[in-house]
Amino acid sequence: MGRCDGKVAIITGGASGMGAAGARMLVAEGAEVVIGDIQDELGRSLAAELGESARFVHLDVAQQDQWEAAVAFAVAEFGSLSVLVNNAGIANGALVQQFDMGQWQRAIDINLTGTFLGIRAASDALIASGRGSIINVSSIEGIRGTPWAHAYVATKWAVRGLTKSVAMELAPHNVRVNSVHPGLIKTPMTAGIPDDMIPIPLGRPGQPEEIGHWMVFLASDESSFATGAEYVVDGGTVQGVPHK
Ligand code: NAI
């Protein structure tokens, strides 16, 4: 018995980093998974590695028509859709006076609008499944501020707020909506960040699987009473460094 037997999930940004870890772990727990990403080659090879329980679909989360096609594909391939993991994201940054509109808009389009479009496209199918779960990957930057990362921080706060309002709206349909707020995790996104740049009370960055566990938990019925909640998974970063 897997913890996610019978679940069908779309996971965005599933070709790399935490999304890829989550896809692997969901399949290992019995779910059927559609990996949506713009990195076609990586996504296809992961789906092939995971076998019959996985598919890849090209999905640019900022494109409404691609969302509609991805939801229809998941339902056609696996018969239903019960889990949506909005994980795709980009990080960018610059001094506020030099933050150009292109950078700003790209972060809004992918991190925020992409999450909204996913929720909008998937909600009917999630409701029809009878027990839906939406997992929005925000960040600790969705609960604090960080210099240079203005658009990133703004989008991650917005994803947190969006999570709570959609949670209230979909609760009567037994669709749960929660956000996960990772601290520094070792993925391609953070490859250039030295391990000791950010003080982390646990003394190390996290691994993608340490977020994958939360995706599995929130996708499964183990979290059946959790909605509108935020899960900070950061080695204690936002609590600050303990006194010596
Ligand atoms: P990653 O760069 O390894 O993976 C991100 C994935 O999103 C990539 O496969 C990329 O192709 C995909 N993607 C980018 N734009 C897309 C689009 N328009 N449509 C579909 N897919 C798109 O990064 P990582 O670290 O795994 O990030 C996953 C999520 O976790 C992101 O939302 C990120 O903001 C968030 N996060 C990451 C942290 C970290 O320390 N790595 C900390 C907190 C949050």
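Just follow the structure's listing: the first ligand is 1, and inside any ligand the first atom is 1. Quantities reported herein were computed from a predicted structural model and do not represent experimental measurements. All heavy atoms count here, side chains included; hydrogens, waters and symmetry mates do not.
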Considering all heavy atoms, the nearest [X]-[Y] contact:
X	Y	result
I11	G19	CD1-O, 3.4 Å
I200	G235	CG2-O, 3.7 Å
I211	V180	CG2-CG1, 4.2 Å
G130	N174	O-ND2, 3.1 Å
R144	W157	O-NE1, 3.0 Å
V216	E29	CG1-CG, 3.9 Å

Which residue owns the protein heavy atom closest to [atom], what's the atom, and how far is it?
atom	answer
atom 23 (O) of ligand 1	M189 CB, 3.3 Å
atom 21 (N) of ligand 1	A88 CB, 3.5 Å
atom 9 (O) of ligand 1	D37 OD2, 2.7 Å
atom 43 (C) of ligand 1	P182 O, 3.3 Å
atom 25 (O) of ligand 1	T187 OG1, 2.5 Å
atom 5 (C) of ligand 1	G89 O, 4.0 Å
atom 32 (O) of ligand 1	N87 O, 2.8 Å
atom 26 (O) of ligand 1	M18 N, 2.9 Å

Is there a heavy atom in [X] that sits closer than 4.0 Å to ligand 1?
X	value
L184	yes
E141	no
G183	yes

Distance only, no hydrogens: is a donor on one side chain within 3.5 Å (strictly under) of an acceptor on the other, for [X] and [Y]?
X	Y	value
T115	N86	no
T146	E141	yes
R176	S223	yes

task = Check whether any N or O atom of I90, backbone or side chain, sits under 3.5 Å from an N or O atom of ligand 1, and answer yes or no.
result =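 Min N/O separation from ligand 1 is not below 3.5 Å for I90.
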
inquiry  = G36 versus ligand 1: do any nitrogen or oxygen atoms come within less than 3.5 Å of each other?
reply    =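 It does not: no N or O of G36 is found under 3.5 Å from an N or O of ligand 1.
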
key: Residues, nucleotides or ligands: over 12 heavy atoms within 6.0 Å of Q105 CD   =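 Correct, the count exceeds 12.
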
query = Would you find more than 12 non-hydrogen atoms of other residues, nucleotides or ligands less than 6.0 Å from R160 atom CZ?
reply =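 Buried by this count: over 12 neighbours within 6.0 Å.
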
Which of the numbered atoms in ligand 1 are below 4.0 angstrom from a heavy atom of [X]?
X	value
D60	17 (C), 18 (N), 19 (N)
T190	39 (C), 40 (O), 41 (N)
Q39	8 (C), 9 (O), 10 (C), 11 (O)
G13	6 (C), 7 (O), 9 (O), 12 (C)
V137	29 (C), 30 (O), 35 (C)
P188	3 (O)
G17	3 (O), 26 (O)

query = Which one of T227, V177, N136, V175 satisfies the side chain to side chain contact (heavy atoms under 4.5 Å, CB included) criterion with V166?
reply =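 When T227, V177, N136, V175 are each tested with V166, the side chain to side chain contact (heavy atoms under 4.5 Å, CB included) holds only for V177.
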
ask   = Of the choices G22, S138, A21, S16, which has the non-hydrogen atom that lies closest to atom 44 (C) of ligand 1?
value =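 Checking each option, the heavy atom nearest atom 44 (C) of ligand 1 is found in S138.
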
Should the proximity of [X] to ligand 1, defined as any heavy atom under 4.0 Å, be assigned to the side chain, the backbone, both, or neither?
X	result
H181	neither
I110	side chain
L59	backbone

task = Check the pair T190, I185 against side-chain contact (heavy atoms from CB on, under 4.5 Å), reporting the backbone distance first and the verdict last.
result = CA-CA 7 Å; T190 56; I185 308 293; 5.7 Å; no

Check: F217 main-chain N/O paired with E222 side-chain donor or acceptor under 3.5 Å =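 Side chain of E222 to backbone of F217, a donor-acceptor pair under 3.5 Å: no, none is there.
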
